[in-house]
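Quick one: structure below, then a few questions.
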Amino acid sequence: MTAKNNRANFGSKLGVILASAGSAVGLGNIWRFPYETGEHGGAAFILIYIACVLFFGIPIMVAEFSIGRRSRSNTARAYQILAPGTPWKWVGRMGVLAGFLILGYYSVVAGWTLDYIVQAATNSFAGQSADGFIHAFNGFVQHPWLPAFWMLVFMLMTHFIVVKGVEKGIERSSKIMMPMLFIILLVLAGCAISLPGSGSGLKFLLMPDFSKLNADALLSAMGQTFFSLSVGMGCLCTYASYFRKDVNLPKTALNVGLIDTSVAVLSGLIIFPAAFAVGIQPDAGPSLLFITLPNVFQQAFGSLPWLAVLLSVMFYVLLALAALTSTISLHEVVTAYLHEEFNMTRRKAAILVTVGCSILGVLSSLSLGLGKELTIFGMTLFDFFDYLTAKIMLPLGGFFIAIFTGWFLDKRIVREEVSNNGSLKMWIYRSWLFLLKFVAPIGIAFIFINELGLLK
Ligand code: PFF
């Protein structure tokens, strides 16, 4: 099939790492990680999170890379190529569906960042109190059309980059953005920590209180791991189908895991000291980032308004760009699937995805305001999509990817991919396989069963 033979490639190894890290680093790190940490008690949650990254996230990422590069196709077809005539293709299809659903609510939050760029640029944070910021945020997300409008703008930006194709669109934008994001996060962490009263925030972040850990916290830490690393739905599998043969898969996964976790922890180092300094509850939920950060700009640079404007605009622009490299990867999973499976042009496939996700986006955005009363299992549509994808579909996908690669896939293929034909040390390969065969599937199953309360 032509679509397969002239598949694009990422141009360089740095490009590979940056594009994968670009997918991983996003709202999941800067928006979602702090509020999940805040809702589940702080430092103890972070320790569990890091354990999940090491034992589930990175090993499964290597598995996804191997499946993708070996099959050189979208995530659903990948299983058909590696395991023809078996039901494994449903793991790929579930991934495509997860990507579609995530994009449907992720783009709403991504849209919020655009509105905050405008607010920052027009200096509207000046002179407001902490309560004022909370009020303004709630008013904004419940507005009947403004957040939906920004969501659509964001979706169109994603659309055009995806249509432009892999190398030009994805690789280039990641190269400049990632280092800049890191620097500005460091600056902001410094500012937040220097606010008076920030000490209790640091304590919350660094001193574990294990009494706060329960089944929910475990499930949330696991879900956050898969979400943040973009693992469990074939996203990195799709990206790996564009990798060249000489890319070192385990090393790439380790790098991505390291970058992703550093950005998450760094975001915590901004949000919690600032939240405690101005008296915002750490368990404020999805609003946490948006109600805490304006205080940092306002308080740390109150006497230098031009600096406050400059830094806040830069921050929200970089946040939007980080979200963009993630929405591109989500969009790409579904677009590549439609393009290759249903013989559509890339353009047509991309249009279908954009329209479908925009409809979901409008609905999830409305579910925070006008449609608040309409709930599913007691959750708004927005929360429901988040719960279903991050806490169920991605870990379930990760579970099956681990079983597939660890138990089912021909070990000759697995070794060839992971070790680039034998250049990698054996003990790393064996330890990785052990994690994949036993630790990850048993661990994930335990957390699911524990959450269902079946162990009591
Ligand atoms: N990892 C992204 C983030 O942390 O913002 C979100 C995401 C992207 C999840 C791609 C899943 C995915 F396949």
Side-chain angles (χ1 to χ4, degrees), residues 18-37 49 52-53 57-58 60-61 64-65 67-68 74-76 91-92 94-113 154 158 161-162 170 174 177-178 181 185 220-241 253 256-257 259-268 286 289 318-337 353 357 385-398 401:
L18 287 178
S20 310
S23 166
V25 173
L27 297 170
N29 309 61
I30 302 169
W31 162 71
R32 200 174 185 284
F33 176 81
Y35 86 71
E36 284 283 353
T37 304
Y49 173 76
C52 289
V53 170
I58 292 175
I60 296 177
M61 192 188 296
E64 269 198 38
F65 280 160
I67 297 172
N74 70 77
T75 179
V91 177
M94 179 174 78
V96 174
L97 179 65
F100 185 73
L101 295 178
I102 294 177
L103 192 54
Y105 77 91
Y106 193 93
S107 56
V108 174
V109 185
W112 297 349
T113 65
F154 205 93
T158 308
I161 298 187
V162 170
I170 301 173
S174 307
M177 189 221 90
M178 294 289 297
L181 179 69
L185 288 177
S220 297
M222 172 167 82
Q224 176 61 24
T225 302
F226 284 98
F227 188 86
S228 187
L229 293 175
S230 303
V231 163
M233 51 159 273
C235 177
L236 296 178
C237 168
T238 304
Y239 268 20
S241 71
V256 173
I259 296 174
D260 192 71
T261 309
S262 324
V263 173
V265 172
L266 205 50
S267 308
L289 171 75
L318 287 170
L319 182 62
L321 287 175
L324 189 61
T325 47
S326 301
T327 52
I328 292 168
S329 70
L330 288 160
H331 199 297
E332 176 65 27
V333 172
V334 195
T335 301
Y337 171 73
V353 179
C357 287
F385 284 157
D386 180 73
Y387 190 95
L388 176 69
T389 52
K391 294 188 184 166
I392 300 177
M393 291 174 86
L394 298 189
L396 202 62
I401 291 167

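In this chain, numbering begins with 1 at the start of the sequence shown. Note that ligands are numbered from 1 as they come in the structure, with each ligand's atoms numbered from 1 the same way.
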Hey, is the main chain of A390 close enough, under 3.5 Å, to the side chain of Q224 for a donor-acceptor pair?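 Flag not set: sc Q224 to bb A390 has no pair under 3.5 Å.
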
Will you find, in the side chains of S267 and N29, an N or O donor that is under 3.5 Å from an N or O acceptor? no

So if I apply the side-chain contact (heavy atoms from CB on, under 4.5 Å) rule between I102 and each of T327, L97, L330, which one comes out positive?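 Answer to the side-chain contact (heavy atoms from CB on, under 4.5 Å) test with I102 among T327, L97, L330: L330.
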
Nearest to atom 5 (O) of ligand 1, what protein heavy atom do you find, and at what distance?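 Ranked first by proximity to atom 5 (O) of ligand 1 is Y106 OH, 2.4 Å.
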
Below 4.0 angstrom from a heavy atom of C235, which ligand 1 atoms are there? Numbered from 1 as shown, please.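 Answer for ligand 1: 10 (C), 13 (F).
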
Reported CG-to-CZ distance for the pair D386 and F227, which is rounded to 0.5 angstrom: 6.5 Å

Atoms of ligand 1, numbered as shown, that sit under 4.0 Å from any heavy atom of N29: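 Contacts of ligand 1 toward N29, numbered from 1: 4 (O).
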
Short question: side chain of Y106, backbone of L27 - any donor-acceptor pair under 3.5 Å? yes

Only heavy atoms of M233, strictly under 4.0 Å: list the atoms of ligand 1 that pass. 11 (C), 12 (C), 13 (F)

Is it true that a side-chain atom of S23 and a backbone atom of A19 form a donor plus acceptor pair closer than 3.5 Å? no

Would you check if there is a donor-acceptor pair between the side chains of H331 and T335 at a distance under 3.5 Å? yes

Specify the protein heavy atom at minimum distance from atom 2 (C) of ligand 1: its residue, its atom name, and the distance to 0.1 Å.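 Among all protein heavy atoms, the one nearest atom 2 (C) of ligand 1 is S23 O, 3.3 Å.
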
I need the T261 OG1 to I58 CD1 distance, nearest 0.5 Å.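 Going from the OG1 atom of T261 to the CD1 atom of I58 covers 6.5 Å.
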
Run down the list F227, F226, W31 and name the one with the heavy atom closest to atom 1 (N) of ligand 1. F227

Which ligand 1 atoms does L27 reach within 4.0 Å, using its non-hydrogen atoms?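 Selected atoms, number and element: 5 (O).
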
Within-cut-off N or O pair, D260 and ligand 1, under 3.5 Å: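 No, there is no polar N/O contact under 3.5 Å.
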
For atom 12 (C) of ligand 1, grab the closest protein heavy atom and report residue, atom and distance to one decimal in Å.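 Result for atom 12 (C) of ligand 1: L330 CD2, 3.4 Å.
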
Using modelled atom types and a 3.5 Å cut-off, is there a donor and acceptor pairing between side-chain atoms of T325 and backbone atoms of A322?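 Yes: the side chain of T325 pairs with the backbone of A322.
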
Close approach, A24 and ligand 1, non-hydrogen under 4.0 angstrom: yes

Atoms of ligand 1, numbered as shown, that sit under 4.0 Å from any heavy atom of G28: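 Matching atoms, with element in brackets: 3 (C), 4 (O), 5 (O).
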
Any heavy atom of F33 closer to ligand 1 than 4.0 angstrom? no

With atom 7 (C) of ligand 1 as the reference point, say which of A110, A323, S230 has the nearest heavy atom. S230

